[in-house]
Amino acid sequence: YPNSERISDANYGAGYAGMKIGQYTESSEAFNKAAGSAGSNKLSLDAQMRQGDALFNAKAYTRATAVYQKVLNESPDKQVKAEAQFQIGQCNYRQGNLGAARRSFTNVANSFASTKFASEALYMSGRAAFRNNDYTSAIADFNELLTEYPKNSFEDDATYSMGDSYYNLENYDSAIEQYQKVINNFPKSEYVNDAVTGLQWAMMQKGDTQQAMDVVDNYIEKIDDKDK
């Protein structure tokens with residue numbers, strides 16, 4: 001029924017089904033058809049956003065960026081614009097365009113601070129800066145994340161990454177402080193073991209060899225106590 005008024009819905013459903021089973025190329029094509037036959041601009045933009053997601057999952061980042069940029073330019077909705085800008089940042093991040101990625105993420109954090117994407121954008125901005133060896137900017141981003149969005153889902157990761165950033169800047173006292181926060185504040189975090197290692201190395205860099213050994217011994221004792 002190519003002339004049916006439900007054709008856009010059918011193509012959208014086909015695109016969604018393709019995404020669920022990993023057929024991203026076919027999914028992208030279906031969402032593109034849905035966007036072209038949508039009865040409203042809102043539905044068309046939604047289909048285009050999902051087309052971008054399909055291309056992103058297919059690792060066709062350049063094509064995905066073009067689709068997301070179109071949505072960003074045309075959508076009047078702040079949440080949609082924030083998501084499109086965030087995804088452009090993700091495309092650049094995956095391609096190693098770290099400066100461009102950080103600009104996109106920073107734009108989300110600054111221009112769309114009230115949206116649900118703002119906190120993750122700050123986190124990803126910090127990750128992009130860290131990967132680009134810009135540790136001072138990484139610290140600034142992670143610190144802003146922890147200050148503006150306390151109790152966010154990246155809190156332990158951001159704290160640990162601040163420790164690593166300070167370590168790479170040879171600011172060992174600040175690195176120790178951040179690693180200690182991970183150990184004390186997030187005892188069940190997957191980053192605790194790495195934080196203990198980072199703490200040990202930072203202390204050794206300061207010449208506190210015995211204290212570094214004590215940190216490891218104390219950590220092992222705590223693990224043993226839990227297993228009893």
Side-chain angles (χ1 to χ4, degrees), residues 72 78-206 208 211-212 215-216 218-219 222-223 226:
L72 177 63
K78 182 176 288 188
Q79 288 283 350
V80 174
K81 293 173 80 71
E83 181 180 3
Q85 184 72 78
F86 180 84
Q87 287 301 112
I88 290 171
Q90 290 282 42
C91 288
N92 280 305
Y93 187 84
R94 293 295 182 89
Q95 294 179 98
N97 301 326
L98 301 175
R102 186 164 184 266
R103 286 191 293 273
S104 287
F105 293 133
T106 300
N107 191 12
V108 175
N110 292 338
S111 301
F112 306 103
S114 62
T115 70
K116 63 182 181 180
F117 300 97
S119 61
E120 187 172 358
L122 267 177
Y123 168 75
M124 288 304 303
S125 181
R127 295 305 310 166
F130 186 91
R131 278 187 60 192
N132 209 28
N133 300 322
D134 183 1
Y135 302 118
T136 300
S137 295
I139 291 168
D141 288 338
F142 291 133
N143 188 57
E144 184 177 354
L145 170 66
L146 296 171
T147 301
E148 297 297 325
Y149 302 95
K151 306 302 180 183
N152 66 82
S153 59
F154 308 101
E155 192 175 9
D156 57 340
D157 188 343
T159 304
Y160 172 74
S161 295
M162 283 181 68
D164 277 355
S165 297
Y166 279 121
Y167 185 93
N168 284 306
L169 291 173
E170 300 182 3
N171 185 341
Y172 300 120
D173 286 330
S174 294
I176 288 170
E177 180 183 358
Q178 297 304 318
Y179 292 139
Q180 198 69 63
K181 284 182 181 179
V182 176
I183 297 166
N184 293 338
N185 298 343
F186 312 103
K188 297 182 179 180
S189 170
E190 63 182 291
Y191 297 100
V192 168
N193 289 345
D194 290 335
V196 171
T197 301
L199 183 61
Q200 181 185 24
W201 278 102
M203 288 177 173
M204 290 176 67
Q205 291 293 342
K206 291 184 61 183
D208 298 334
Q211 190 174 2
V215 166
V216 177
N218 291 337
Y219 182 61
K222 287 183 179 179
I223 293 176
K226 288 180 180 179

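Among residues two or more places apart in sequence or in another chain, the ring pair (Phe, Tyr, Trp, His ring centres under 6.0 Å) test is passed with Phe142 by none. Residues satisfying the side-chain contact (heavy atoms from CB on, under 4.5 Å) criterion with Lys81, sequence neighbours excluded, are Leu72, Ser75, Phe112.
Residues Gln205 and Glu170 fail the side-chain proximity criterion, which asks for heavy atoms closer than 4.5 Å. Under the 4.5 Å side-chain criterion, counting only non-hydrogen atoms from C-beta, Leu169 is in contact with Ile139. At least one side-chain heavy atom of Asp141 sits under 4.5 Å from a side-chain heavy atom of Arg102. The shortest side-chain heavy-atom distance between Glu155 and Tyr149 does not fall under the 4.5 Å cut-off. Thr147 places none of its side-chain heavy atoms less than 4.5 Å from the side chain of Glu144.
Side-chain contact of Gln178 with Thr159: a donor-acceptor pair under 3.5 Å is absent, judged by distance alone. For Tyr160 and Asp156, the side-chain atoms include no donor-acceptor pair closer than 3.5 Å. Donor-acceptor pairing under 3.5 Å is lacking for the side chains of Tyr179 and Asp194.
Aromatic pair Tyr135/Phe130: centroids less than 6.0 angstrom apart.
From Tyr123, atom OH reaches atom CG of Leu146 across 11.5 Å, with rounding to the nearest 0.5 Å.
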